[in-house]
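Throughout, protein chains are lettered first and strands after them, A, B, ... in sequence-line order, and every chain is numbered starting at 1.
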Amino acid sequence: MVGAPRGGGELIVTTALSVTNVTKRFGGLTVADNVSFDVPQGARMALIGPNGAGKTTLFNLISGVHKIDAGSITLDGKEIKDLAPRTRVHAGLSRSFQNIRLMPHLSVIENIMLGQHTQASGLGALLQPIAWQRKSIWRERAIESMHSAGIKVDPDASVGGLPYGVRKKIEVVRALMSRPRLLMLDEPAAGLNPRETAELSAFLKAVAWEGLTLLVVEHDMSFVNDLCEHTVVLNFGRLIYNGPTAGVHVDPQVREAYLGTRKSDKKEPSHVA
Amino acid sequence: MSGYLAGTLAILCINLIFAYGIFVSAAAGQINLGGAGFQAIGAYATGFIAGTLGLPVWFSIPAAATISAFIGFLIAFPVLRTRGVYLVLATFAFGEVVSGFLLHTDTFGGAMGMVVPVHIELWVLMLCAIVVTLLTFYLMATRLGLAMRSINDDEEATVVIGVNVRAVQVAAFTIGGAFTGLSGALYAHNYGFVEAQYFNALLSIYVLLFVLIGGAQTAWGPLAGSLFFTVLPELFRVGGAWRYVIFGVLIVLMMVIRPEGMVTRDLVRKLSPRQWWARRAAVGS
């Protein structure tokens with residue numbers, strides 16, 4: 001992958017993902033309300049917000065699980081809002097899930113090799129007996145990624161019995177196998193112990209240095225502080241903050257959304273959809 | 001070889017190919033309860049081509065499999081729009097429509113059935129069974145097979161990984177149609193006579209049981225299931241009428257003890273030579 005200059009301010013920064021005036025309603029509930037933000041090429045951006053703020057929904061809108069009602073989503077300048085989810089993967093978008101969605105009946109290596117699907121185009125690649133070839137380029141690439149992510153398990157073991165932290169890492173590696181331009185991770189650090197969280201952060205920084213753009217939903221603020229230089233904050237489907245991660249803690253609107261004030265207690269119901 | 005043994009072996013070959021036809025789509029998460037319909041298409045197609053048209057059997061059998069595959073391809077589009085139990089019902093309805101159609105069409109003999117000329121030798125059946133078995137093992141080792149198994153595990157996540165789920169499912173249904181059609185064609189030439197009443201719902205249920213009791217996770221499953229269902233009833237023949245009772249109890253027991261089938265992926269992994277040597281080395285050290 002070609003190394004792109006990272007957002008250094010002086011350099012010309014191109015936009016990887018651009019979300020413009022995106023709106024989505026489920027029945028009477030507006031889950032994304034005129035949301036706009038840009039993710040610069042090579043940036044590591046966090047998407048945070050209280051429970052029910054619409055973070056996962058926004059991920060689903062960007063990855064195409066749901067269609068948007070209004071607005072536009074571009075990836076590297078190309079409009080992707082009308083593309084099917086799998087076509088968006090071909091366009092360079094990859095994601096993980098909040099709850100681990102590994103295929104329980106596949107082995108570690110099979111799960112990771114599944115992520116290579118968009119790379120293996122054509123009938124010849126589809127009919128290559130990869131499970132029989134111990135030395136195929138596909139298997140070797142997958143093993144290599146496993147090692148660089150620090151996954152030290154038997155590649156042919158079933159994923160079902162593995163510890164949570166390992167499965168979480170396998171899902172990130174699987175998402176990377178499509179060689180995405182933009183990697184979206186939904187709570188990658190949830191359920192990891194501090195050592196695993198630090199390892200994951202270091203690993204993600206390394207892949208971002210190679211030019212990959214990251215958009216991460218996360219609750220663990222120390223993980224966000226460590227990994228992401230930019231943060232956008234959602235509350236009730238609206239964007240309330242877009243700026244450096246360091247400024248999140250002092251922003252009055254963000255503080256209100258997370259901690260609440262007497263005024264907002266009266267305005268908004270305590271129950272969050 | 002005694003006639004009885006040869007007859008049992010012929011049934012085993014036909015059942016095995018039939019089971020692989022159902023397995024291929026089951027491995028991609030589609031339960032096909034219309035197996036008898038596809039088998040009927042294969043049987044009547046070869047009967048018509050070899051009998052009525054008088055073409056050679058080496059042409060009629062592959063042609064029958066191709067016709068069955070093509071019909072599988074065509075009905076895959078409407079049928080695969082349905083999910084879960086509705087998919088099962090849609091394929092079941094397909095099977096009923098086929099046998100109803102054949103029963104009322106005079107060109108194919110109607111209720112009288114159809115005489116199929118040219119008896120094929122046992123070695124042809126065995127060769128076909130071996131080829132289909134190897135093809136299925138090969139298919140499951142490919143990236144296409146990996147995508148099929150992935151769909152069976154989590155269809156929604158497979159979409160987001162970038163797999164064209166619909167295309168993979170249609171391909172699986174079409175390949176399944178070819179195998180089931182082939183088994184029907186071989187059946188027709190083995191018995192020399194076909195009638196629509198034979199291709200009924202019970203036959204579709206039986207072949208689905210071969211696959212589900214045998215195990216739908218690996219290509220070993222249908223092999224185990226077909227052996228179990230073909231050989232065991234023969235062994236129980238000494239028990240007279242009670243054999244069906246014993247057999248039924250055994251099926252229920254299998255479902256309780258091994259709900260994922262007789263042969264699961266973990267079992268294959270444990271028994272694989274590589275793992276076996278690894279364990280021996282671990283114990284030895």
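- Smallest separation of non-hydrogen atoms from S107(A) and R269(B): CB-NH2, 3.8 Å.
- Between L126(A) and T142(B), every side-chain heavy-atom pair lies at or beyond the 4.5 Å cut-off.
- Atoms CG and CD1, on D154(B) and I100(A) in that order, are 12.5 Å from each other to the nearest 0.5 Å.
- Between M113(A) and R143(B), the shortest heavy-atom contact is O-NH1, 2.7 Å.
- With a 6.0 Å radius and a threshold of 12 heavy atoms from other residues, nucleotides or ligands, L134(B) has its CG atom above the threshold.
- For H90(A), the part lying near chain B is the side chain, with the backbone staying farther off; criterion is any non-hydrogen pair under 4.5 Å.
- Interatomic distance, OG1 of T118(A) versus CG of N164(B), reported as 12.5 Å (0.5 Å rounding).
- Between chain B and the options P129(A), A131(A), S178(A), G160(A), heavy-atom pairs under 4.5 Å are most frequent for P129(A).
- Heavy-atom distances place both the backbone and the side chain of E110(A) under 4.5 Å from chain B.
- The minimum heavy-atom distance linking I161(B) with L114(A) is given by the pair CG2-O, 3.4 Å.
- When each of Q128(A), H105(A), R95(A) is checked for heavy-atom pairs under 4.5 Å with chain B, H105(A) comes out on top.
- Neither the backbone nor the side chain of R88(A) has a heavy atom closer than 4.5 Å to any heavy atom of chain B.
- Heavy atoms of other residues, nucleotides or ligands lying less than 6.0 angstrom from CH2 of W138(A) number more than 12.
- Heavy atoms of A125(A) lying under 4.5 Å from chain B belong exclusively to its backbone.
- The environment of CZ in F59(B) is sparse: at most 12 heavy-atom neighbours from other residues, nucleotides or ligands sit within 6.0 Å.
- Along residues 257-266 of chain B, the residues that come nearer than 4.5 angstrom to chain A, judged on non-hydrogen atoms, are E260(B), R265(B), D266(B) in order of number.
- Of all heavy-atom pairs between P85(A) and V159(B), the closest is CB-CG1, 3.8 Å.
- Here the straight-line distance linking atom CD1 of I130(A) with atom CG of L146(B) works out to 5.0 Å at 0.5 Å rounding.
- Of the two parts of A157(A), only the backbone, made up of N, CA, C and O, holds a non-hydrogen atom closer than 4.5 Å to a non-hydrogen atom of chain B.
- Using a 4.5 Å cut-off between heavy atoms, Q116(A) touches chain B through backbone and side chain atoms alike.
- The shortest non-hydrogen separation linking F137(B) to W132(A) is O-CZ2, 3.6 Å.
- For CZ of R81(B), the number of neighbouring non-hydrogen atoms (other residues, nucleotides, ligands) closer than 6.0 Å is 12 at most.
- Taking V65(A), D156(A), L102(A), T87(A) one by one and counting their heavy-atom pairs under 4.5 Å with chain B, the maximum is reached by D156(A).
- Around the CD atom of E140(A), the shell of radius 6.0 Å holds more than 12 heavy atoms that belong to other residues, nucleotides or ligands.
- For a residue to count as touching a neighbouring chain, one of its non-hydrogen atoms must lie under 4.5 Å from one of that chain's; by this rule S158(A) touches chain B with backbone and side chain alike.
- By the neighbour-count criterion of 12 heavy atoms within 6.0 Å, atom OH of Y138(B) is densely surrounded, having more than that number from other residues, nucleotides or ligands.
- Sparse packing is recorded around OH of Y86(B), with 12 or fewer heavy atoms of other residues, nucleotides or ligands lying under 6.0 Å away.
- The contact list for residues 62-76 of chain B toward chain A, using heavy atoms and a distance under 4.5 Å, is empty.
- With T158(B) as reference, M103(A) is the one residue of R101(A), R86(A), M103(A), H117(A) to meet the side-chain contact (heavy atoms from CB on, under 4.5 Å) rule.
- Interface summary for chain A: among A141(B), A147(B), A157(B), S150(B), the most heavy-atom pairs under 4.5 angstrom belong to A141(B).
- Looking at D154(A), the atoms closer than 4.5 Å to chain B (heavy atoms on both sides) all sit in the side chain, from C-beta outward.
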